[in-house]
Amino acid sequence: MNNRFFKTYLPIVGLLMLSWSFWASDGWLELCAGLALFLFGMQCLEEGLRQLAGSKLEQLLARSTATPLKGLMFGVSGTMLLQSSTLVSLLTIAFISTGLIKLAGGIAILFGANLGSTTGIWLLALAGQNVSLSPLALPLLVFGVLASFTGDKGKAAGRIVLGIAFIFLGIDQIKDGFSSFGGMDLSQYHAGGLKGQLLFVAIGLLATVVLQSSHATLMLTLTALAAGQLDLGQALATAIGANVGTTVTAALVGSLGGNRSAQRLALAHVLFNVATAALALVLLLPLTDLVRWLTEPLGLGANTLIQLALFHSLFNAMGVALFWPFQRQLAELLQRVLPDRVEPTVLITELAQSMPAEPQTRARYLNDRALDSADAAASAVAQELQHLARLSLEVICHATYLPVDQLRQQGRIDDALINAKPDAQALDAERLYQRHIKGVYSDLLTFMGRLELPLDESHQAFWLSCQVAALQLVDAVKDAKHLQKNLGHYLRTDDSAARQAYVELRRHLLESLREIRALNHSELPDELWRERLNWLDERAAKFDAEFRRRLFESIRNQKLDGLQSSSLMNDLGYASRIIQSLRNALLLGEGHELTRQLRQLAEDDGPVILQL
């Protein structure tokens with residue numbers, strides 16, 4: 001009952017209360033309408049820039065972390081362009097969680113994003129409160145709509161122009177709202193004392209969390225400051241709170257994503273902003289005096305808007321200067337506090353059919369933030385294919401009644417192992433498919449279907465390759481399910497021609513699985529790698545031909561009857577398809593150009609796709 005109330009009735013009650021507040025106060029209605037226009041304009045601006053840039057923004061992000069200075073400059077320029085430090089932070093978290101950039105590069109980008117966030121408040125402060133932007137917004141609205149009829153690029157450009165127009169309209173509407181909303185005078189709560197400072201820090205933090213935009217919070221602060229409803233000290237404390245508020249979304253996304261790299265970067269974001277805010281609070285009075293000392297010679301001593309913008313820049317720059325020399329130490333600290341999780345050698349840990357049912361295995365590397373970037377989504381899918389490939393190989397091993405660790409062995413296969421009879425408690429392949437494969441496969445397809453970003457030819461080809469590779473892995477598991485029934489039956493019987501044939505089929509399958517896994521982990525040049533793959537194909541074809549020859553010879557010698565022969569022919573087909581499906585999935589990953597690019601971007605993380 002409580003859950004139903006919160007999910008259904010609480011939003012309705014909130015909307016009714018908000019509607020009543022609009023009826024009760026025209027100024028409040030104008031203020032909220034202006035804020036809505038401002039936020040919608042920022043959303044349009046962001047979407048237009050992303051559509052116009054395509055995957056270039058992601059490619060630039062992935063290649064702009066070679067040095068800390070490059071990462072810093074990308075953070076600054078990216079935030080200036082998108083006018084959202086939160087968005088840049090979330091994009092960075094998405095990239096670091098999928099292995100496209102490293103922790104040190106992500107930290108430098110975060111520093112730059114905080115510096116870049118100061119550009120928006122400077123523009124708003126320089127525009128002043130006596131300049132109406134609506135006359136500029138009206139023609140921009142017309143041009144933006146007209147541009148949307150000129151194709152995809154024109155539509156994206158029009159979206160940008162419309163975003164700017166809505167931002168201008170929102171600014172004017174907010175100013176009018178504050179002018180009409182005279183009942184809110186916050187200047188009586190002096191920020192001279194610690195309690196007053198903390199109060200307005202909390203107001204700035206809460207407003208940024210609710211609005212999901214520090215720019216919107218600072219816009220409200222500038223307008224209230226110009227209207228005399230805030231004094232300078234209160235506005236400065238609110239700006240500090242707005243900076244801290246930008247970390248909340250990033251911290252939630254990083255912690256809920258479950259990826260250690262994302263959690264480290266989110267923690268770095270929190271540490272940087274909280275430490276910078278604490279230092280700014282301690283030095284609030286000296287910084288205020290410094291701001292006034294810098295502005296008075298320029299005749300701006302009475303311009304509180306410029307003073308607020310300058311303070312915002314100073315304390316962010318102070319934070320970057322404080323942390324910049326200690327980037328390496330910060331990264332090492334984060335790695336100690338949040339160490340990498342130990343990757344299990346074996347993913348499927350059931351030992352017998354009698355074990356109680358466990359929750360279905362789901363995707364490990366797919367998260368919503370990766371959908372904000374074509375490259376991040378591609379890397380997430382590649383990592384999830386690794387997960388699906390490992391699960392598929394383990395299911396195939398269980399289907400053939402072989403220990404999973406045999407895949408990693410080298411040299412001659414132990415005859416006793418191949419000839420061993422299956423345990424009566426061996427796992428059923430159908431159960432393993434339902435438990436470990438189906439959920440991951442469905443999550444993968446759902447994730448790929450949710451991507452709405454425009455894709456270039458390389459990304460489209462990669463997407464198709466991943467879909468086919470995932471299908472090939474699932475097909476291999478399904479063929480293993482069909483193979484298990486007869487294989488288990490004949491391996492449990494006494495020695496016979498049929499049993500010996502299934503032993504040889506089992507040996508061939510294990511040898512091929514070992515070779516496929518070795519190929520995936522090899523660092524051979526392309527030409528030698530493909531020669532080895534061709535040798536695998538020739539070996540498989542030779543075995544098929546020889547197996548059929550021996551099969552018909554056994555029929556002539558009456559060592560096999562028709563029922564046994566038909567079962568062996570069918571199961572040879574299943575084994576051949578298992579090898580071919582895994583081989584095709586491996587080739588799709590190895591041969592695609594975008595996969596190679598992703599590997600280069602994350603070369604220290606090992607293979608990006610199908611790590612069998």
Q: So which heavy atom on L330 is nearest to which on A268, and how close?
A: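 Scanning both residues completely, I find the closest heavy atoms to be CD2-CB, 4.5 Å.
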Q: Quick check: closest heavy atoms across P68 and A108, and the distance to 0.1 Å?
A: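 Scanning both residues completely, I find the closest heavy atoms to be O-CB, 3.4 Å.
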Q: What's the shortest heavy-atom distance between L232 and T288, and which atoms?
A: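 Reported closest heavy-atom pair: CD2-CG2, 4.3 Å.
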Q: Side chain of Q383, backbone of Y365: donor and acceptor closer than 3.5 Å?
A: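 Side chain of Q383 to backbone of Y365: no pair is present.
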Q: What verdict does the salt bridge (charged side-chain N to carboxylate O under 4.0 Å, His left out) test give for E296 and R292, after you've listed the backbone C-alpha separation in whole Å, the side-chain angles of each residue and the deciding distance to 0.1 Å?
A: CA-CA 6 Å; E296 282 178 1; R292 285 172 175 157; over 6 Å; no
Q: Nearest 0.5 angstrom please: L444 CG to M448 CE, how far?
A: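 Interatomic distance, L444 CG to M448 CE, rounded to 0.5 Å: 6.0 Å.
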Q: When rounded to the nearest 0.5 angstrom, what distance separates CG in L284 from CG in L279?
A: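 L284 atom CG to L279 atom CG measures 11.0 Å (nearest 0.5 Å).
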Q: As an exercise, state the distance from CD of Q386 to CZ of R364, rounded to the nearest 0.5 Å.
A: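 Reported to 0.5 Å precision, the distance equals 9.5 Å.
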Q: Hey, is the main chain of L338 close enough, under 3.5 Å, to the side chain of R264 for a donor-acceptor pair?
A: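 Yes.
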Q: Side chains of L69 and L72: closer than 4.5 Å at any heavy-atom pair?
A: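 In contact.
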Q: So if I apply the side chain to side chain donor-acceptor pair (under 3.5 Å) rule between E332 and each of Q329, Q335, R328, which one comes out positive?
A: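 That would be R328; it is the only one of Q329, Q335, R328 passing the side chain to side chain donor-acceptor pair (under 3.5 Å) with E332.
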Q: Side-chain contact test, heavy atoms from C-beta onward, threshold under 4.5 Å: evaluate it for F143 versus L162 and give yes or no.
A: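 Sidechains of L162 and F143: no contact.
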Q: Does some side-chain heavy atom of L236 sit less than 4.5 Å from a side-chain heavy atom of H312?
A: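 The answer is no, as the side chains (C-beta and beyond) never meet within the 4.5 Å cut-off.
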Q: What's the separation between atom CG in N114 and atom CD1 in I109, rounded to the nearest 0.5 Å?
A: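 Reported value, rounded in 0.5 Å steps: 12.5 Å.
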Q: Shortest non-hydrogen contact from T208 to A242?
A: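 Taking every non-hydrogen atom into account, OG1-CA, 3.2 Å.
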Q: Run through N273, N243, T276 and flag the one making a side chain to side chain donor-acceptor pair (under 3.5 Å) with N316.
A: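 Testing N316 for a side chain to side chain donor-acceptor pair (under 3.5 Å) against N273, N243, T276 leaves exactly one candidate, N243.
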Q: Parallel under 30°, tilted from 30 to 60°, perpendicular over 60°: which one fits the rings of F315 and F311?
A: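 Aromatic pair F315/F311 classed tilted.
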Q: May I ask you to check whether H269 and F272 place their ring centres under 6.0 Å from each other?
A: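 Judged by ring-centre distance (under 6.0 Å), F272 and H269 do not meet the cut-off.
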Q: Which atoms form the tightest heavy-atom contact between I107 and L265, and what is the distance?
A: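 Scanning both residues completely, I find the closest heavy atoms to be N-CD1, 3.7 Å.
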Q: Does a sphere of radius 6.0 Å around CE in M73 hold more than 12 heavy atoms from other residues, nucleotides or ligands, not counting ones at 6.0 Å or beyond?
A: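 Atom CE in M73 is not crowded, with 12 or fewer foreign heavy atoms closer than 6.0 Å.
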Q: Once you round to the nearest 0.5 Å, how far does CD of Q307 lie from CG of L290?
A: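 If I round to the nearest 0.5 Å, the distance is 11.0 Å.
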Q: Check whether any side-chain heavy atom of L141 lies under 4.5 Å from a side-chain heavy atom of F166, and answer yes or no.
A: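 Yes. Closest side-chain heavy atoms under 4.5 Å.
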Q: Can you measure from CG (L283) to CG (L314) and round to the nearest 0.5 angstrom?
A: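 So the gap between those two atoms works out to 11.5 Å.
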Q: Assess whether side-chain contact (heavy atoms from CB on, under 4.5 Å) is satisfied between T295 and L310, documenting all intermediate values.
A: CA-CA 9 Å; T295 54; L310 180 58; 3.9 Å; yes
Q: Between L281 and I240, which heavy-atom pair has the shortest distance, and what is it?
A: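 Between these two residues, the closest heavy atoms are N-CD1, 4.2 Å.
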